[in-house]
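Read the structure below first, then the notes.
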Number of protein chains: 2
Amino acid sequence: MAGGVQHRQAEAGQRYDVFHTDCPARDVVDHVTSRWGIWVLISLRSNDLRFYELRESIQGISEKMLAQTLRALVHDGLVWREVEPTTPPQVTYGLTEFGRDVGEPLTELFDRITRRLSPRSAG
Amino acid sequence: MAGGVQHRQAEAGQRYDVFHTDCPARDVVDHVTSRWGIWVLISLRSNDLRFYELRESIQGISEKMLAQTLRALVHDGLVWREVEPTTPPQVTYGLTEFGRDVGEPLTELFDRITRRLSPRSAG
DNA sequence: CCATGAGCTTACCTAAAGGTATGTCCTTAC
DNA sequence: GTAAGGACATACCTTTAGGTAAGCTCATGG
């Protein structure tokens, strides 16, 4: 974070300096890997979803957290948001190209973990 | 079909049920995507590292968090731990096959985000 | 005989994440 | 006139993540 930012990027090999910098990538990584961000992105990979569909799809998520997570992802450019000005308003969410780009390795990550653990407990 | 998620849960198990279950995969996902877990795994992809090397590589991490994160990853089978019984003891960490398997999409995820956001960074 | 170093562990405490409950807007249906 | 539906916002409160700092081990060097 902004506090202890010391860039000791010496010549001692290639060290990921992005680990602690305040570049926008850090925020996006945080949002993508946040508790609910992962599941929102994975959910939206299959198809666009309404707010309430996401809420029911991702069981255990609260409306507050869903709204908050979506706001961050929309702000990051990973998710688009479309409002139909009906009453009540209907809002649909979907992945942008960036979102699809990011959702792919995310799903792959998730799949590799479950693939490894589901047959039998791995030691 | 976009709107099929909420009421069709009984018939079609299409929805990701892992979102809220207590299967071990959930824990692993949590550890992998935890604040420091990501950077530990990415750091270890290039080569095995000693504890202090990790601490210095991932700037901003505290010893407590590093130890805690490593313990979780070792327990999950993503990272191995080797102790040389010298004095002081020297401990080396590295990725298991599972860890390499998981580290790949994780790095890819990270790279895609940085590639998109910073035209001149990450590398 | 005390400091040092590597790799932790433990206690303590604060910041923030996240849950629960409620309010809001506007319109149609009853 | 009141409930309901959809997508939130907001206040309040609890849980947890994570930072700081100290301690521990034990052989070696000063």
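The sequence lines fix the lettering, A, B, ..., with proteins before strands; numbering per chain opens at 1.
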Looking at D:dG6, I'd like to know if its phosphate oxygens (OP1 or OP2) sit under 4.0 Å from a side-chain N or O belonging to A:Arg50.
no
Can you name the nearest heavy-atom pair linking A:Val29 to A:Thr33, along with the distance?
O-OG1, 2.7 Å
Check every atom of C:dG7, D:dA7, C:dG18 against the side chain of A:Pro89 and return the nucleotide holding the closest atom.
D:dA7
To check you understand the geometry: which heavy-atom pair defines the closest contact between B:Leu95 and B:Asp48, and what is its length?
N-OD1, 4.4 Å
Using whole Å, report how far CH2 of B:Trp39 lies from P of D:dG18.
13 Å
For B:Val74 and B:Tyr93, run side-chain contact (heavy atoms from CB on, under 4.5 Å): C-alpha distance rounded to whole Å, both residues' side-chain angles, the deciding distance at 0.1 Å, then the answer.
CA-CA 9 Å; B:Val74 167; B:Tyr93 294 90; 4.3 Å; yes
Choose from D:dG5, C:dG7, D:dA7 the nucleotide whose nearest atom is closest to any side-chain atom of B:Tyr52.
C:dG7
Side-chain N or O of A:Tyr93 versus OP1/OP2 of D:dG6: is the shortest distance under 4.0 Å?
no
From the candidates D:dC8, D:dT10, D:dG18, the one with an atom nearest any side-chain atom of B:Met65 is D:dG18
Counting just side-chain N and O atoms, does A:Arg81 come under 4.0 Å of either OP1 or OP2 of D:dC8?
yes
The side chain of A:Val91 is closest to which nucleotide in this list: C:dG19, D:dA7, C:dG5?
D:dA7
So, does A:Ser62 get its side chain near the phosphate of C:dG19, meaning an N or O under 4.0 Å from OP1 or OP2?
yes
If each of A:Phe51 and B:Pro88 is mapped to the nucleotide of DNA chain D with the nearest heavy atom, which maps nearer the 5' terminus, i.e. the 5' end?
A:Phe51
With a 4.0 Å cut-off on heavy atoms, is A:Glu63 in touch with a base, just the backbone sugar-phosphate, or nothing at all?
base
Can you hop from A:Val40 to A:Trp80 via hydrophobic side chains spaced under 4.5 Å?
no
Reckon A:Arg55 touches a base, only the sugar-phosphate, or nothing at all at heavy-atom distances under 4.0 Å?
nothing
Tell me whether the OP1 or OP2 atom of D:dA17 has a side-chain N or O from A:Arg35 closer than 4.0 Å.
no
When A:Thr87 and A:Leu70 are each assigned the nearest nucleotide of DNA chain D, the 5'-most assignment goes to A:Thr87
